[in-house]
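Following: one structure in structure tokens, then a few remarks.
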Amino acid sequence: MVFPSYENDDVEEKNKVNIEEFKEKTYVAELESKVLRMELENRDLNRENAQLKKENEILKRELDKLRIPPLILGTVIDRVEDRKVVVKSSTGPSFLVTISNFVNKDEIVPGARVCLNQQTLAIVDILPKEKDYRAMAMEVDERPNISFSDIGGLEEQIKEVKEVVELPLTHPELFEKVGIEPPKGVLLYGPPGTGKTLLAKAVAHETNASFIKIVGSELVKKFIGEGAKLVKDVFKLAKEKAPCIIFIDEIDAVASRRTESLTGGDREVQRTLMQLLAEMDGFESKGDVKIIAATNRPDILDPAILRPGRFDRIIEVPAPSEEGRLEILKIHTKNMNLKHVDLKKIAKMTEGCVGADLKAICTEAGMFAIRDGREYVTMDDFLAAIEKVWAKKRDNKTDRPTLHVMYG
Ligand SMILES: Nc1ncnc2c1ncn2[C@@H]1O[C@H](COP(=O)(O)OP(=O)(O)OP(=O)(O)O)[C@@H](O)[C@H]1O
């Protein structure tokens with residue numbers, strides 16, 4: 001009897017199954033080795049990524065170091081090679097400098113304003129075109145909204161400022177008829193926070209004058225080599241915006257006594273001072289541009305700045321008396337919701353405080369009430385606020401110098 005070939009079919013079937021299984025196992029093995037390879041690659045990539053991140057951090061720190069102000073400003077004259085450029089620095093000379101790798105060299109075109117690292121003179125940054133750096137150095141206020149009624153405890157000073165600044169602007173004919181020159185510049189001196197800026201803004205407000213504020217320390221710190229140019233620009237802008245009050249805060253940063261040492265920084269300060277003196281000597285005292293300067297350090301001022309025809313009217317703006325403190329407290333609490341607050345007592349307790357301290361005390365007292373969920377402010381809030389502001393004052397207390405400068 002011939003049996004059908006079951007066995008062959010079976011064997012064939014089994015072989016098929018074995019082959020299929022073998023193929024599957026091979027495929028799985030391939031996949032597993034692929035996964036393993038990818039895991040190894042992924043681990044290597046992660047390690048490389050971590051290394052690159054670390055290098056990136058180091059480069060960023062280097063970049064920040066290179067970009068720490070003060071930087072020297074310059075203007076690109078010409079591109080010499082791929083990353084070599086001739087730049088005229090604001091300190092005067094021109095240099096052949098390199099473009100740092102992190103600066104986009106395509107933006108380095110003739111006329112571009114760039115920042116140079118003080119040590120290497122390499123171009124480390126590009127000044128934004130649209131924002132003129134000069135505008136960053138000045139605060140221009142077409143119409144300050146401060147009036148003399150916002151200032152407490154400075155009746156005498158207000159009277160003097162009105163006489164010396166406001167009158168020549170509003171009634172120049174009085175000075176012409178009498179035949180005298182009104183003072184050109186007024187110097188306000190006194191501790192920080194006593195209202196010097198307020199006085200300058202108030203007189204601009206009362207005379208419908210525009211107000212330009214520059215800060216002496218910024219002139220010589222932030223814009224190395226630009227100080228003299230900025231002074232020139234301020235006076236040019238003031239004439240365009242006349243009547244105008246130019247307020248130079250911290251003038252001691254520019255007009256301190258000239259020292260023999262001629263470091264680069266000192267030379268820069270002297271150039272700025274010379275420009276300021278030239279501008280002051282150059283403009284008409286009868287004109288409608290008035291200059292008010294403020295300083296907390298009158299004792300270090302160069303006498304040249306105080307000569308007649310310059311800042312020849314000196315007004316002290318001292319810390320307020322008890323009566324003055326009461327006036328200032330009334331000004332800064334006039335819109336506050338007070339409950340049983342004795343301002344007279346607070347004025348008595350805050351001897352030595354200046355207007356800025358009293359303003360801070362009023363604000364802190366309000367904050368204590370808000371933290372307590374109240375809509376009104378109590379005496380305890382003020383007592384806590386006084387403690388807090390005094391503590392801060394104690395931390396950075398500096399003795400106030402007395403004025404030794406006398407003017408011949
Ligand atoms: N006499 C004052 N009357 C009312 N508020 C004052 C008075 N003095 C100071 N203040 C308050 O303190 C703030 C700072 O005052 P201001 O800027 O005029 O002081 P400053 O003398 O110019 O200070 P600095 O010398 O530091 O520039 C003012 O905005 C105001 O809120």
Side-chain angles (χ1 to χ4, degrees), residues 137-139 141 144-162 165 185-206 211-219 221 245-256 291-301 311 314-336 343 346-347 350-367 382 385-386 388-390 392-393 396-403:
M138 302 176 214
E139 171 198 332
D141 192 341
N145 60 355
I146 299 279
S147 67
F148 286 124
S149 59
D150 297 321
I151 303 176
L154 295 176
E155 286 71 23
E156 271 313 301
Q157 288 77 6
I158 289 175
K159 196 158 93 19
E160 278 201 74
V161 165
K162 277 176 176 268
V165 183
V186 175
L187 175 70
L188 306 176
Y189 76 91
T194 47
K196 298 183 285 297
T197 308
L198 282 186
L199 279 169
K201 286 194 170 181
V203 78
H205 172 85
E206 303 288 336
F211 177 85
I212 300 178
K213 173 177 180 179
I214 47 173
V215 184
S217 55
E218 291 197 1
L219 277 187
K221 273 195 199 129
I245 303 278
I246 299 176
F247 179 62
I248 307 174
D249 202 359
E250 300 176 24
I251 193 166
D252 44 276
V254 173
S256 50
I291 313 177
I292 301 179
T295 180
N296 310 325
R297 293 297 314 274
D299 54 308
I300 63 171
L301 286 181
F311 288 104
I314 317 282
I315 302 176
E316 183 181 12
V317 185
S321 62
E322 183 177 328
E323 192 190 334
R325 293 197 295 274
L326 180 57
E327 278 180 39
I328 295 171
L329 285 166
K330 282 179 181 165
I331 288 168
H332 291 297
T333 56
K334 67 178 178 243
N335 300 324
M336 289 176 76
L343 291 181
I346 294 169
T350 49
E351 182 164 0
C353 276
V354 295
D357 299 327
L358 296 170
K359 165 94 181 275
I361 286 170
C362 295
T363 307
E364 284 300 335
M367 291 304 294
F382 274 89
I386 291 170
K388 186 172 178 182
V389 169
W390 261 131
K392 213 180 278 180
K393 240 175 120 68
N396 49 10
K397 182 146 182 55
T398 47
D399 291 333
R400 175 172 154 246
T402 47
L403 182 64

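All ligand and atom numbering here is 1-based and tracks the order in the structure. Numbering of residues begins at 1 and proceeds along the displayed sequence.
The line from OG1 of T197 to CD1 of I146 is 10.0 Å long, rounded to the nearest 0.5 Å. Atoms CD and CG, on E250 and N296 in that order, are 7.0 Å from each other to the nearest 0.5 Å. One distance of note links CD1 of I248 with OG1 of T295; it measures 11.5 Å at 0.5 Å rounding.
Contacts between I328 and ligand 1, counted as non-hydrogen atom pairs separated by less than 4.0 Å, involve the side chain only. Here N296 has side-chain heavy atoms under 4.0 Å from ligand 1, and that is the only part of it that gets that close.
Taking every heavy atom of both residues into account, P320 and C353 meet most closely at CD-O, 3.3 Å. Of all heavy-atom pairs between L199 and V317, the closest is CD1-CG2, 4.0 Å. Pairing each heavy atom of F247 with each of A200, the nearest pair is CD1-CB, 3.4 Å. Smallest separation of non-hydrogen atoms from A204 and P144: CB-CG, 3.8 Å.
Of the protein's non-hydrogen atoms, the one nearest atom 14 (C) of ligand 1 is A356 CB, 4.2 Å. Given atom 21 (O) of ligand 1, the protein heavy atom at minimum distance is K196 NZ, 2.9 Å. The protein non-hydrogen atom at the shortest distance from atom 29 (O) of ligand 1 is L198 CD2, 4.0 Å. In terms of protein heavy atoms, atom 1 (N) of ligand 1 is closest to G152 O, 2.9 Å. The protein heavy-atom contact nearest to atom 22 (O) of ligand 1 is T197 OG1, 2.5 Å. Remark: minimum distance from atom 5 (N) of ligand 1 to any protein heavy atom is reached at H332 NE2, 2.9 Å.
Against a heavy-atom cut-off of under 4.0 Å, G193 is close to the following atoms of ligand 1: 8 (N), 9 (C), 19 (O), 20 (P), 21 (O), 23 (O), 24 (P), 25 (O), 26 (O). Each of the following atoms of ligand 1 lies closer than 4.0 Å to a heavy atom of K359: 31 (O). The atoms of ligand 1 that sit less than 4.0 Å from any heavy atom of D249 are 27 (O). Within ligand 1, the atoms closer than 4.0 Å to a non-hydrogen atom of D150 are 3 (N), 4 (C), numbered from 1 in the order shown. Using a 4.0 Å cut-off to heavy atoms of P192, the atoms of ligand 1 that qualify are 23 (O), 25 (O), 26 (O). Numbered from 1 in the order shown, with element, the atoms of ligand 1 that lie under 4.0 Å from a heavy atom of I151 read 1 (N), 3 (N).
Electrostatic pairing of K213 and D141 does not count as a salt bridge here, judged by no charged N lying under 4.0 Å from a carboxylate O. Checked for salt-bridge contact, D357 and K359 miss the test: no charged N lies under 4.0 Å from a carboxylate O.
Using a 4.5 Å cut-off on side-chain heavy atoms (C-beta onward), F311 and I251 make contact.
Note: no N/O pair closer than 3.5 Å links I331 and ligand 1 by distance alone.
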